[in-house]
Amino acid sequence: MTPLDGRPILTAARMRAAEERAVAAGVSVETLMERAGAAVAEQVRRLAGDQEVLILCGPGNNGGDGYVVARVLAAAGHPVRVAATGEPRSDAAIAARRRWDGVVETLADAHRAPVLVDALFGTGLTRGLEAEASAALARLAGGARLTIAVDLPSGAATDDGRLLSPVPDYDLTLALGALKPSHLLLPAAARSQHVAVLDIGVEARSDVTVLARPRLSAPGAEAHKYSRGMIAIVAGAMPGASALAASAAANGGAGYVLLLGGSTDQVPHAVVRRRFDPVARADARIGALLIGPGLGRDERARERLDAALASDRPLVIDGDALRLVSVEAIAARPAPTILTPHTGEFDALFGASDAAKTDRALAAARSGGATIVFKGADTVIAGPDGSVRVAAGASTWLSTAGTGDVLAGLVAARLAITRDPLTAANEAVWLHSEAARRAGPAFVADNLVRHLPEAIAACL
């Protein structure tokens with residue numbers, strides 16, 4: 001099993017297409033099932049030790065994978081039992097069932113085992129489990145010491161992170177061939193403590209991938225404060241927010257940080273404070289302009305936002321500014337723009353929807369011609385070119401005031417440095433998450449800033 005960084009994420013339709021390409025190239029469905037079952041069996045054997053394994057098989061190909069797992073484990077002398085919802089229905093699953101010569105218990109009557117393997121329903125589930133099956137799954141999972149899901153936890157939709165019926169918590173989910181959106185999108189992603197991808201010989205291609213650790217470079221010998229990235233942050237009604245953003249930018253690699261219109265002494269002494277006026281905003285050395293943290297929503301805030309939108313500088317829009325701006329105004333900007341909304345801000349600007357977070361972020365990026373950082377425990381980054389990155393494993397301790405301001409300042413710093421919106425967003429989100437990991441539990445946003453240099457050092 002290898003890290004998830006950079007791995008493609010396939011929807012149910014794209015996974016079916018990948019499998020169909022493999023079949024067209026001469027690999028049968030039965031062969032793919034044998035590969036999947038053998039790969040899962042190897043992981044189960046390695047983790048289960050000598051404990052008895054109970055495998056739950058559904059009626060489709062996911063259940064077929066389960067029968068293969070059982071047969072391979074039994075052939076290796078491992079204690080294994082099978083319980084099923086009924087007879088298999090797909091041709092490949094029927095063939096796999098015939099090759100299993102052990103007993104098949106009914107799901108409702110099965111007794112618990114130390115290790116549970118859920119092969120009931122995987123990719124493509126469109127409705128929740130029936131009440132009897134759901135209750136049996138909960139009972140058996142609750143009595144196991146180790147729980148493993150094959151491809152996806154049963155009851156989880158594939159593409160959008162929804163739970164179609166109650167889903168137990170799993171120690172490990174073994175994704176077959178490729179990651180699916182619900183391995184990373186909430187709430188489904190929270191049902192698996194760990195996710196690993198098993199190679200079954202299917203070529204996985206997608207513009208949607210897991211966010212990877214960035215590769216950063218230290219400044220060269222010829223670098224100076226302006227060449228390293230100069231950013232300007234527009235202050236507003238709540239100066240603490242812009243101060244956090246300025247501190248994050250200064251600790252996030254920027255060479256020169258301007259705070260425009262702020263009246264706070266909370267920023268590092270290295271942050272330069274100036275009035276919010278046309279002369280300061282027109283400095284051609286500014287590589288990125290940030291507006292929104294603590295801006296407020298009064299008339300002065302609107303005036304400052306209008307001035308920022310009219311600037312020819314790359315722009316990061318966060319916080320209150322996202323409540324004041326329009327999609328049309330964003331799309332009209334000729335310079336690069338990055339938006340960093342949380343769910344409430346995203347809904348207010350682009351409209352609420354039940355669509356997958358990845359789809360919503362991509363649609364927003366295309367409609368506004370901007371890079372979108374759709375924040376949350378499952379942050380999604382999308383660019384107008386169709387590129388989508390999903391961040392995995394963010395610390396839940398980030399759910400505290402001010403961490404969004406830190407991220408906004410970090411995004412602006414990376415934008416001034418890289419001059420590429422998607423690269424900047426990817427770097428900032430990864431560094432933000434890594435700083436949180438290093439900060440440990442129960443941190444405040446001020447402390448998060450202090451760990452940004454450590455996160456950068458991890459990427460050099």
Side-chain angles (χ1 to χ4, degrees), residues 186 190 211 213-214 216 218 228-229 231-259 262-273 288 290-295 316 318-320 338 340-345 373-379 381 391-417 424-460:
L186 294 173
L211 180 66
R213 177 195 297 261
L216 307 181
R228 281 188 48 193
I231 78 164
I233 298 173
V234 180
M238 293 169 281
S242 55
L244 272 174
S247 296
N251 284 275
Y256 194 111
V257 180
L258 276 174
L259 183 61
S263 58
T264 177
D265 294 325
Q266 300 175 34
V267 296
H269 295 307
V271 174
V272 179
R273 284 165 286 185
L290 167 62
I291 188 166
L295 182 66
V316 179
D318 180 62
D320 287 328
I338 301 177
T340 59
H342 57 55
T343 299
E345 293 160 346
V373 179
F374 193 170
K375 297 185 296 192
D378 53 354
T379 294
I381 304 160
S395 169
T396 55
W397 293 105
L398 282 167
S399 54
T400 188
T403 57
D405 304 317
V406 172
L407 178 60
L410 188 54
V411 169
R414 303 316 303 177
L415 180 57
I417 294 165
N426 291 340
E427 291 180 355
V429 170
W430 194 94
L431 293 170
H432 189 251
S433 180
E434 177 65 9
R437 187 186 70 79
R438 292 170 179 270
F443 57 79
V444 297
D446 306 67
N447 291 337
L448 179 63
V449 170
R450 299 170 192 162
H451 293 276
L452 290 176
E454 299 170 20
I456 291 173
C459 300
L460 297 176

Contact between V444 and T400 at the side-chain level, heavy atoms closer than 4.5 Å - yes or no? no
Is any side-chain heavy atom of K375 closer than 4.5 Å to one of L407? yes
Rounded distance (nearest 0.5 Å) linking atom CG of L431 with atom CD of E454: 12.0 Å
With rounding to the nearest 0.5 angstrom, report the OG to CZ distance, S433 to R213. 11.0 Å
dist I233:CD1 -> D318:CG (nearest 0.5 Å) comes out at 10.5 Å
Taking side chain as C-beta onward, heavy atoms only, is R228 less than 4.5 Å from Y256? no
Is the side chain of E427 donor-acceptor paired with the backbone N or O of A424 at a distance under 3.5 Å, no angle test? no
Please give me the minimum heavy-atom distance between D320 and L295, naming the atom from each residue. OD2-N, 3.5 Å
Measure across D405 and P293 and return the closest heavy-atom pair with its distance rounded to 0.1 Å. OD1-CB, 3.5 Å
Heavy-atom closest contact (A435 atom, L452 atom, distance): CB-CD2, 3.7 Å
Using the rule given for side-chain contact (heavy atoms from CB on, under 4.5 Å), can you reason through V429 versus L211, listing the C-alpha separation, both sets of side-chain angles and the distance that settles it, and then say yes or no? CA-CA 9 Å; V429 170; L211 180 66; 3.7 Å; yes
Mind checking whether V257 and R273 have side chains closer than 4.5 Å, heavy atoms only? no
Heavy-atom side-chain proximity of L244 to L448 below 4.5 angstrom: no
Would you check if R414 and L216 make a side-chain contact, meaning some heavy-atom pair closer than 4.5 Å? yes
Taking all non-hydrogen atoms of both residues into account, name the closest pair between A412 and V316 and its distance. CA-CG2, 3.9 Å
Could you tell me which non-hydrogen atom of S395 sits nearest to which non-hydrogen atom of F443, and how far apart they are? OG-CE2, 4.4 Å
Apply the test side-chain contact (heavy atoms from CB on, under 4.5 Å) to residues T340 and F374: give CA-CA distance (whole Å), side-chain angles for both, the deciding distance (0.1 Å), then the verdict. CA-CA 6 Å; T340 59; F374 193 170; over 6 Å; no
V271 side chain near S247 side chain, heavy-atom distance below 4.5 Å: no
So, for A413 and A254, which heavy atoms are closest and what is the spacing to 0.1 Å? CB-CB, 3.9 Å
Steps toward side-chain contact (heavy atoms from CB on, under 4.5 Å) verdict (L258, I231): CA-CA 6 Å; L258 276 174; I231 78 164; over 6 Å; no
For V234 and L290, run side-chain contact (heavy atoms from CB on, under 4.5 Å): C-alpha distance rounded to whole Å, both residues' side-chain angles, the deciding distance at 0.1 Å, then the answer. CA-CA 6 Å; V234 180; L290 167 62; over 6 Å; no
With side chains defined as the heavy atoms from C-beta onward, is the minimum distance between L398 and H432 less than 4.5 Å? yes
